[in-house]
Amino acid sequence: MQIKLWGVRGSLPSPMMPSEIEGRVRECITEFLRRGNKSPDQVDEFLRSLTPEKWGGYGGNTACIQVSTPKETVLIDGGSGLRRAGEALSDGPLGRGQGEAHLFFTHFHWDHLIGLPFFTPLFIPGNQIHFYAVQDDLEQAIRTLFKKPYFPVPFERLGAELFFHKLEPRTPRRLGTLSLTPYWLDHPDPCWGYKIQSENKTFSYCVDTECTRSSAADLGADLPLYQGVDLMVFDAQYTILDAAERVNWGHAAAAFGLDIAMREGIKRVYFVHHDPAASDARIAEAETQARDYYLSQVQTSKSTGRKLHEVEWSFAQEGALLKL
Ligand SMILES: [Zn+2]
Ligand SMILES: [Zn+2]
């Protein structure tokens, strides 16, 4: 299974302003020279040595990921990252009106839908586009996007053939070798994360969630979302302090996901849904804070004998390709 992160920003697309890019380029050139580099041959190694906040940043597009196996491809959420996903998929049968796309939705907040009108396979006759969600109002939510005065092309004029599929909570939906099971997340409007399994690999997508339920007892029927998981993508919009101040805003801090991952033995975690108001430097600070928290927990578990699993994790950048 491969997971491509087309959008990792939360709530609102947040591209860098030209003045920010100019400042970033200036700092990079200055640092390149300060280290005594002189040749263009040294550029690649220099760039590889820089962290995201020093160079390309974390990315500005909102929620969209692509899960692929050799036989199947599904997309989860249609945030602004979906536009580039559509462009990439259009190199294949979807670009010729001979393809199928499968789009699963966690919920219908704008940051998870806004890319859909720019998903070009929708406009090509011959394509079959399947939409999936637990929510009863799936079709209504999609129809509303293609309506004047919000968008010039009405729903009835979309070229592709559209299908709407209702998912049952905590019940696997099979698609070839893939199985996708929705579990309830903690968010102000109904929101469902997905546990995705293919052959012997398991991936969990846990966005958007405030993670108000974190103990095994509180999670109850939704605990399996975090069990037997090889790789998890988790909401880390806030620092711990932000999360404490923003009760009921629907988002978590990385520490909350780390607690669950360490307890349940999740092997790898990538944190997404970065705060649209946060600079890359601030996101990097949040990652440092999470690192301090994680190391303190590991240390405590060693000194007290409390069993915690070590986890490989980082904050994710847009465009990352995760393999498992
Ligand atoms: Zn969101
Ligand atoms: Zn949301």
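All ligand and atom numbering here is 1-based and tracks the order in the structure.
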*Do the two ring centres, one from Phe131 and one from His165, sit under 6.0 Å apart?*
no

*Full working for ring-ring contact (aromatic ring centres under 6.0 Å, His included) between Trp313 and Tyr270*: CA-CA 6 Å; Trp313 65 272; Tyr270 291 88; 9.7 Å; no

*For the Zn ion (ligand 2), count the protein N, O or S atoms found under 2.8 Å away.*
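Step by step: take the Zn ion (ligand 2), keep protein N, O, S below 2.8 Å, and you get 4.
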
*Under a 4.0 Å N-O cut-off, is there an ion pair linking Asp280 with Lys54?*
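Salt bridge absent between Asp280 and Lys54.
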
*Determine whether the side chains of Asp275 and His251 contain a donor N or O and an acceptor N or O closer than 3.5 Å.*
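No, no side-chain donor-acceptor pair sits under 3.5 Å.
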
_Verify same cluster id: Tyr183, Tyr194 (apolar side-chain graph, 4.5 Å)_ =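 They do not share one cluster, since no chain of ILVMFWY contacts under 4.5 Å joins Tyr183 to Tyr194.
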
*Who are the side-chain hydrogen bond (donor to acceptor under 3.5 Å, both in side chains) partners of Glu156, not counting sequence neighbours?*
Arg143

